[in-house]
Amino acid sequence: MIEEKKAKLDKPYNPQATEKVIYEHWEKSGFFNPDHLPARHQKPFTIIMPPPNANGSLHVGHAVFVTIEDLIIRYRRLQGDKTLWLPGADHAGFETQIVYEKKLEKEGRSRFKLEPADLRQEILDFTLGHKKFMENQLRLLGASCDWSREKFTLDPEIVKIVYQTFKQLADDGLVYRGDRSVNWCVKHQTSLSELETARREQTDKLYYLKYGPVTVATVRPETIFGDTAIAVNPQDKRYKDLIGQTVTVKNPLGEMSLPVIGDETVEMDFGTGALKITPAHDANDFAIGRQHNLPTVEVIDQYGKMNDRTGKYQGLSVLAAREQVVADLTAMNLIEKTEDYRHAVAVCYKCERILEPRIMPQWFIKTKPLAEKAIKAIQSDKITFTPENYKKIVLHWLVNIQDWNISRQIVWGIPIPAKLCAACRDGFVDLDDKISNCPKCGGAVTPDPDTFDTWFSSGQWPFAVLDYPDGNDYRQFYPTNVMETAGEIIFFWVARMIMLGLYRTDQVPFTQVYLHGLVTDAKGQKMSKSKGNVMSPIDLAERFGTDALRLALIIGNTPGLNTSLSENKIKAYQHFANKLWNISRFIVANTDGLKRNDDFTAYTEADQKLITERQELLKTVTDELDRFRFHLAGEKLYHYVWHRLADEIIEDSKQIFQAGNRPEEKSRQQFLINTLADLLICLHPFMPFITEELWSILDEDELLMITPWPKPNLA
RNA sequence: GCGCCCGUAGCUCAGUGGUAGAGCGCUUCGUUGACAUCGAAGAGGUCUGAAGUUCGAUCCUUCACGGGCGCACCA
């Protein structure tokens, strides 16, 4: 049997043939599940996997998180912890809906022509298909997560917890529904949170309009039909006397009477210091309008077209209307001058179309009270960040947090459990479908057709997946230990998990946040489909071996910073795997079937020194891993294995084995076999497949994945 | 406007308060019983610039320049 295994060493290492078998072996062992680990594993250690979006293939960003999290989990498992790595999949509301809409477009269909229930079912089928696909890809990358506990963001038990949180927030007065200026995407036909808006610099015309007694500067003359006031700064001597008056202004559709109001937020130095106020189509104007009880007059519809209040302009797109209005104003001699104006406009982070501010009734969460708790927890280091500068970044965001719009006008998501009253425009949380008349005005109610922002549910992920509040897992594994994810989603996800976790469970959801950067191509450029420089982790793993890919993603990857990946780099680590394979072949062939033995003492003086050196390495590597400095731990192991053990110690051993001095030979043999064993353990979190395979060839009883981590006992 | 990060060998990047490191690339030589997915030797850097702290700075502080990113309601 063992001879058969050793015969494997005569051939080069073949990751393609080995990895699948090894993974099946691990999965069958049951050790991915903390409940099935040997009894010596007592101390719980938990990582909740950031659930990948179940709408496509894994990309290299996924490979990074799988590699790092698997590394941490395997390391803690070797250290004897009761490790739980809980996998999941995200329905990814808006993101998936967009992916699916593109698919519909290709097929010449449109989501707006489908019944919501049918569309939902179609996307569900699509998502569940991808979820399966994705799970297999995670296996391919070696993820040692507990599949028996896997969760999906639309699982009924998750939805239940999300609903309870919504209810509790409502009961605590932290949810409100109201007409607010929201960021409306004309293409996607939904509102977005402020995080889902991007900014784009562009140059527009700034028009100076003769507007009654004043001149106002605006980039959006087409909205004048929705103006309900003129605002000036109360400190502004030029306009002081006008405040409180009602003035008559002309536009191409006739005349309007507008009050002149004083508001501190008007900048005296910008434009003319006088500002036209359009509460319905500008977020700032909306805020000013609320201050002064101004009416809102909508002139643009949900498709970005001028509506029936705009006379001859009705039906024109915003840009076409602007052109026409400017032409007409010019003809009326109402345009004083025009300037080029460079500014940042809010755009949809997905389609990059300019967002149209609209007044809509939406569900909002009052975030200030939630943020306060989070700020306290972070400031008191109940949660620590790697790299540390993210502490500042997240605190800054929390301090300046805005209320959170959690309503999305898309079907793919968790339906908002509420009833809406058409009469008084209010909404009421209704988990049990009990409300049939408006509690406020008695009018008829209808179910809210909207769904939650995905991040509202994923913000509750750590406690939701552990069966809060009564589950065994919740008691045992919460708060979790490490939240490892992309620095990019620090606000979207991490900050919200902290807020909602503290709100619901009164505990931090995790004590350590580890953030990784972006993976760029060999030139340091962001990977994107349009650039054609996207690398598929699955393809790379198949070509070079998963272990090689994992090492390439770990070594040289500093927390929080971008890391570049190239085939050359992966190839280098493929060579390293080969090196390790050949070192093992040499050692096995030259140690007469010796097994590792920690009780052996008859070492030569030279070998004693080598042992000390090895133990120093172990100590350093352990230390670096404890400090989340995986890139350094990996590099040190790499260097020792190749340039110390192979280049020097093994070369030196050849002489010893030729000389034929038995005690010296014996000493060196035992040293080599013990060293190989220690190194396989230490390398296992980095390159799990080849180390497990070599371990089996060494004829050890237990699987390498649960073998105790070597304890360096330095004098 | 405010903030964060980066600026180290040809390229991609580590790293440290005490005469600079890796991988890839390059040059020369070697080697077929662990490994050519190899070995040995080598070329190559005033660690962006300036000032300061220090016995000593690539590393700490300040400023400048260059690059990337985030946040921000001046119409």
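Chain naming here is simple, since letters A, B, ... match the order of the sequence lines and numbering starts at 1 in each.
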Across the strands shown, which category fits [X] at heavy-atom distances under 4.0 angstrom: base, sugar-phosphate, nothing?
{"X": "A:Ile555", "answer": "nothing"}
{"X": "A:Ala217", "answer": "base"}
{"X": "A:Val266", "answer": "base"}
{"X": "A:Ala646", "answer": "base"}
{"X": "A:Leu275", "answer": "base"}

Measure from [atom1] on [X] to [atom2] on [N] and round the result to the nearest Å.
{"X": "A:Glu267", "N": "B:C74", "atom1": "CD", "atom2": "C1'", "value": "5 Å"}
{"X": "A:His396", "N": "B:G70", "atom1": "NE2", "atom2": "C1'", "value": "10 Å"}
{"X": "A:Arg644", "N": "B:A34", "atom1": "CZ", "atom2": "P", "value": "19 Å"}
{"X": "A:Gln574", "N": "B:C35", "atom1": "CD", "atom2": "P", "value": "17 Å"}
{"X": "A:Phe576", "N": "B:A22", "atom1": "CZ", "atom2": "C1'", "value": "13 Å"}
{"X": "A:Asn400", "N": "B:C71", "atom1": "CG", "atom2": "C1'", "value": "8 Å"}
{"X": "A:Asn562", "N": "B:A14", "atom1": "CG", "atom2": "C1'", "value": "15 Å"}
{"X": "A:Lys654", "N": "B:A40", "atom1": "NZ", "atom2": "P", "value": "11 Å"}

[N] versus [M] - spacing of their [atom1] atoms, nearest Å:
{"N": "B:C26", "M": "B:G56", "atom1": "P", "answer": "44 Å"}
{"N": "B:C5", "M": "B:G23", "atom1": "C1'", "answer": "24 Å"}
{"N": "B:A40", "M": "B:U53", "atom1": "C1'", "answer": "45 Å"}
{"N": "B:G67", "M": "B:C38", "atom1": "P", "answer": "40 Å"}

Decide yes or no on side chain to side chain contact (heavy atoms under 4.5 Å, CB included) for A:Leu672 and A:Leu645, but give the supporting numbers first. CA-CA 9 Å; A:Leu672 287 177; A:Leu645 180 62; 4.1 Å; yes
Should the ring pair A:Phe492 and A:Tyr349 be called parallel, tilted or perpendicular, given that the plane angle runs from 0 to 90° and is split at 30 and 60? tilted
Atom pairs under 3.5 Å, N or O on each side, protein against nucleotides 24-26 of chain B: can you list them with distances?
from  : atom 1 : to       : atom 2 : distance (Å)
B:C24 : O2'    : A:Asn568 : ND2    : 3.0

For the pair A:Tyr514 and A:Phe630, evaluate ring pair (Phe, Tyr, Trp, His ring centres under 6.0 Å) and give the outcome as yes or no after the intermediate values. CA-CA 11 Å; A:Tyr514 181 100; A:Phe630 316 120; 5.4 Å; yes
Considering just the side-chain nitrogens and oxygens of A:Lys636, establish if one lies under 4.0 Å of OP1 or OP2 belonging to B:G15. no
Between A:Gln402 and B:C71, is there a contact of a side-chain N or O with OP1 or OP2 at under 4.0 Å? no
Would you call [X] and [Y] a salt bridge, taking side-chain N to carboxylate O under 4.0 Å as the test?
{"X": "A:Arg668", "Y": "A:Asp652", "value": "yes"}
{"X": "A:Asp204", "Y": "A:Arg220", "value": "no"}
{"X": "A:Lys11", "Y": "A:Glu693", "value": "no"}
{"X": "A:Lys654", "Y": "A:Glu651", "value": "yes"}
{"X": "A:Glu700", "Y": "A:Lys595", "value": "no"}

Any heavy-atom pair between the side chains of [Y] and [X] that's under 4.5 Å?
{"X": "A:Leu625", "Y": "A:Leu71", "result": "yes"}
{"X": "A:Trp397", "Y": "A:Ile490", "result": "no"}
{"X": "A:Leu518", "Y": "A:Val64", "result": "no"}

Pairing pattern in dot-bracket form [Watson-Crick, G-U; both distances under 3.5 Å; | = partner strand] for RNA chain B: (((((((..((((....[..)))).((((((....).))))).....(((((..]....))))))))))))....
I'd like to know if A:Glu651 reaches the base of B:A34 with its side chain, counting only an N/O donor and acceptor under 3.5 Å. yes
Donor-acceptor pair (no angle test) under 3.5 Å: A:Lys392 side chain, B:C4 base: no
For the side chain of [X], counting heavy atoms from C-beta on, which of [options] is nearest?
{"X": "A:Asp647", "options": "B:A34, B:A40, B:A72", "answer": "B:A40"}
{"X": "A:Phe586", "options": "B:A34, B:U37, B:A72", "answer": "B:A34"}
{"X": "A:Glu635", "options": "B:C73, B:A14, B:C13", "answer": "B:A14"}
{"X": "A:Phe491", "options": "B:G70, B:A34, B:G15", "answer": "B:G70"}
{"X": "A:Leu195", "options": "B:C71, B:A34, B:A72", "answer": "B:C71"}
{"X": "A:Arg585", "options": "B:A14, B:C73, B:C35", "answer": "B:C35"}
{"X": "A:Thr558", "options": "B:A34, B:C73, B:A14", "answer": "B:A14"}

By nearest heavy atom, map A:Tyr573 and A:Asn582 onto RNA chain B; which one lands nearer the 5' end? A:Tyr573
Comparing nearest nucleotides in RNA chain B, the 5'-proximal residue of the pair A:Ile650, A:Gly273 is A:Ile650
Distance alone, cut at 3.5 Å: any donor-acceptor contact between the side chains of A:Gln525 and A:Thr520? no
Ignoring hydrogens and geometry beyond distance, is a side-chain donor-acceptor pair present between A:Gln669 and A:Asp592 at under 3.5 Å? yes
Near RNA chain B, under 4.0 Å by heavy atom, which residues of residues 279-288 of chain A? A:Asn284
Please confirm whether the ring centroid of A:Tyr573 lies under 6.0 Å from the ring centroid of A:Tyr638. yes
